[in-house]
Amino acid sequence: MWKVFRKEEVKFAYWLLIPTLVVLILIIAYPIVDTFYLSLHRYYLTRPHFRPFIGFKNYLYFLQDEEFWASIKRTLYFMSVSVALELVFGILIALLLMQKVKGMGLLKTLIILPWAVPTIVNGAIWKWIYNADYGALNGLLYRLGIISKYKAWLADPFTALNFVIIADIWHTTPFVIIVMLAALTTVPDSLYEAAKIDGAGAVRRFFSVTLPLLTPAILVALVIRTVEAFRVFDIIYVITRGGPANGTQVIAYQAYLETFSYLHLGKGSALSFIISIFIMVLAVIYIKLLYNKVEY
Amino acid sequence: MKSKTFNAESRHWNIAAHIILITFSLIILLPLLWTIRTSFATEVIAYEIPPRLIFHPTLKNYVLLFKENGFALKFYNSFVVAFVSTLISIPIASLGGYALARYKPGGKVSRFLIIGTQMLPPIVLILPLFAIFSTAHLLNTRTGLTFSYMAFNLPFLVWILMGFFEGVPKELEEASLIDGASRLTSFFKVIFPIAAPGIMSAGVLSFIMCWNEFLFALVLTGAETSTIPVALAALQTQRGVLIGKLSAGVVIANLPIVAISFFIQKYLVRGLSFGAIK
């Protein structure tokens, strides 16, 4: 009897899922297969009818390509630095926002703003904050007497990468804050009171009460942010276009260039596919982690 | 005695908290305020070194943006694409999210697929989409862009809504089933109204994601159909960036989003946190 009921339920569930599945197959699954197919060919848009099958040669090309590994390194650097700082700032600011101090409500509203700003706009704002000739950063530091003449912040490859990271942190820390706030509001005050009465100092309270309770939220923020940071594109496109001297060319930007600037569609597809594989590996690790930690 | 030291401690803390509070507010607000200030400045003032704080504001940048760069059209494009794709994807995602939350078809695998597709880099989809759209004559159309957003945001919306539906008690639905309602009626009559705030949040998030999207719009649209982010990026890469105009564009791009976040901040936070925690 129950079995029949369950069968009917599952059938109903699949009916409900059909629209989702149709869309996913048409506009997500098919393109992925197609990208993979293209990645096995030599295919330049300049010679569209000459399209020989070359197996995994495009992939081998990148695995031996110094520029590819340099892009991967930059991407990993971008990812680890920005995500680590966003998490630290996010947790600290969220804890601060939980304090019952006048004005916190207003700040809670303001804090969403940088996240809600489109990434392109974020890039545009910071690009000319950094501008060498008339940027606000130069203006501010000059007025405060910290620098004696205007500086070209984005002229050095490594410095440029770090300045892009700052812009990214400004943009996405609010997201981490929101996730942390959501988790913190579920922590009963009585837990802190109890720890306080037991004589635990603020630091102890943080490590033995708050942090364990925040772990699931931290994991979630970590998952979402690393994946996003690994495929970062928009902000690079606007602020530096991968320059100077490829100093900010991350992997997604290299894939974009191969495909839409050099018109090497086969190579571009291979690169996109490599990115997807990296991300899927990340995803599997994370989901394992999440399913073990969080009750689903 | 004890309470006295406690008070002193909390007063110090209060001052420290306010200092940090003000610092963070400044870090958040200064870049935005500076943009707004520059949008009302003439080019001469915008390029002045060191920058001047007080000047006579002008609306010239905004006027030029609408006259020379067709920002009314870009705004319309952005709005229509974001709104319509949200309108289509939310019902689809609601059904899917509900099915996954309640009946768990396919077990963990289907959930993994949803989360996995949500993580895909957009760059892997863009080339085949470009090819499909060009044969289907959907390239450089709002319809094409709308479809691509609808599909690309769908996994995320399903994921979020799944979280909401899991919060709806099963008993409610069972009661209506026992009363003789069909599964579909009980979904629309019982579950849907309860989950309405969640669906609203998902809608808000979807709109914002579409409004902010860049790569798809860059590749799939042309001069007539491009959205605000593409127009802004184009303003920036022109020879000799016109900073006043660009700032005005930034302000315009932000207006709907800021309005949304202020009006429905509650929904926004709820949507994000649900999607994230569940």
Side-chain angles (χ1 to χ4, degrees), chain A residues 9-10 12-14 16-17 19-20 23-24 27-28 31-32 34-35 93 96 99 101 103 107 109-114 116-121 124-125 128-129 134 136 139 142-143 178-179 182-183 217 220 227 231 233-234 238 252 255-256 259 265 268-269 272-273 275-276 279-280 283 287, chain B residues 14 17-18 20-21 24-25 28-29 31-32 34-35 47 49-51 92-93 95-96 98-99 103 105 112 115-117 119-121 123-125 127-129 147-148 151 154 158 183 208 211-212 214-215 219 229 232-233 236 243 246 250 253-254 257-258 261-262 265 268-269 272-273 276-277:
Chain A
E9 273 190 338
V10 170
F12 178 66
Y14 280 118
L16 294 181
L17 271 172
T20 306
V23 173
L24 290 188
I27 314 198
I28 310 255
I32 292 172
D34 198 40
T35 301
I93 299 171
L96 187 78
Q99 306 301 317
V101 176
L107 187 55
T109 310
L110 287 182
I111 215 106
I112 291 187
L113 284 181
V117 168
T119 315
I120 284 301
V121 168
I125 293 177
W128 53 267
I129 284 178
Y134 44 81
Y142 182 82
R143 279 253 154 135
I178 292 168
V179 174
V220 168
V227 170
R231 54 187 205 194
F233 172 79
D234 299 14
V238 179
Y256 173 82
T259 316
L265 303 194
S269 304
S272 314
F273 222 78
I275 302 174
S276 309
I279 285 183
M280 283 306 124
I287 288 166
Chain B
N14 217 336
H18 272 99
I20 306 170
L21 188 84
F24 276 127
S25 307
I28 295 170
L29 286 178
L32 297 172
W34 193 250
T35 312
Y47 288 106
I49 303 174
I92 298 179
L95 295 176
Y98 174 73
Y103 305 113
F112 176 79
I115 299 176
T117 34
M119 288 177 173
L120 276 177
I123 190 102
V124 74
L125 305 178
L127 191 56
L129 272 188
F147 271 120
S148 70
L154 196 62
V158 169
R183 286 188 187 282
I208 293 181
W211 185 269
N212 294 355
F214 176 65
L215 182 62
V219 176
L232 279 178
Q236 246 215 342
I243 243 193
L246 181 69
V250 163
N254 275 328
I257 299 293
V258 171
S261 6
F262 269 103
Q265 182 212 7
L268 199 70
V269 173
L272 264 184
S273 44
I277 305 295

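Only a predicted model underlies this, so the values are computations on that prediction, with no experimental measurement involved. Below, chains carry the letters A, B, ... as their sequence lines are ordered, and counting in each starts from 1.
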Qualifying residues under ring pair (Phe, Tyr, Trp, His ring centres under 6.0 Å), relative to B:Y98, sequence neighbours excluded | B:F165, B:F187

A:T119 side chain near B:F214 side chain, heavy-atom distance below 4.5 Å = no

Of all of A:A124, A:A255, A:S269, A:P114, which one pairs up most often with chain B through heavy atoms under 4.5 Å apart?
-> A:A124

Smallest separation among heavy atoms of B:G96 and A:T20, with atom names | CA-OG1, 3.7 Å

For the residue pair B:A233 and A:I120, what are the closest heavy atoms and their distance?
-> N-CG2, 4.4 Å

What residue, out of B:L215, B:T117, B:L129, has the most heavy-atom pairs lying under 4.5 Å from chain A?
-> B:L215

Any side-chain heavy-atom pair of B:L125 and A:I28 under 4.5 Å = yes

Contact winner vs chain A - B:S148, B:A99, B:G116, heavy-atom pairs under 4.5 Å | B:A99

Minimal non-hydrogen separation, A:R231 against B:M119, with atom names | NH1-O, 2.8 Å

So, the side chain of B:T35 versus the backbone of A:I125: is there a donor-acceptor pair under 3.5 Å, distance only?
-> no

OH (A:Y142) with more than 12 external heavy atoms under 6.0 Å | no

For B:L154, is it the side chain, the backbone, both or neither that has a heavy atom under 4.5 Å from a heavy atom of chain A?
-> side chain

Please name all residues satisfying side chain to side chain donor-acceptor pair (under 3.5 Å) with A:Y256, sequence neighbours left out, ordered by chain then number.
-> none

Any idea which of A:I111, A:L24, A:I93 has the most non-hydrogen atom pairs under 4.5 angstrom with chain B?
-> A:I93

Pair B:N212-A:D234, side-chain contact (heavy atoms from CB on, under 4.5 Å): steps then yes or no | CA-CA 10 Å; B:N212 294 355; A:D234 299 14; over 6 Å; no

Here the pair of heavy atoms bringing B:P128 nearest to A:T35 is CG-OG1, 3.1 Å

A:P118 and B:N254, any side-chain heavy atoms less than 4.5 Å apart | yes

Which of B:L246, B:L32, B:L29 touches chain A most, by non-hydrogen pairs under 4.5 Å = B:L32

Minimum side-chain heavy-atom gap B:L120-A:S276 below 4.5 Å | yes

Interface residue of largest heavy-atom contact number with chain A, from B:A253, B:P31, B:S25, under 4.5 Å | B:P31

Is B:I257 close to A:V117 at the side-chain level, that is, under 4.5 Å between some pair of heavy atoms?
-> no

Contact check, side chains of B:L127 and A:S272, non-hydrogen atoms, under 4.5 Å = no

Can you find a heavy atom in the side chain of A:I275 that is under 4.5 Å from one in the side chain of B:V124?
-> no

Do A:L17 and B:L95 have side-chain heavy atoms sitting under 4.5 Å apart?
-> no

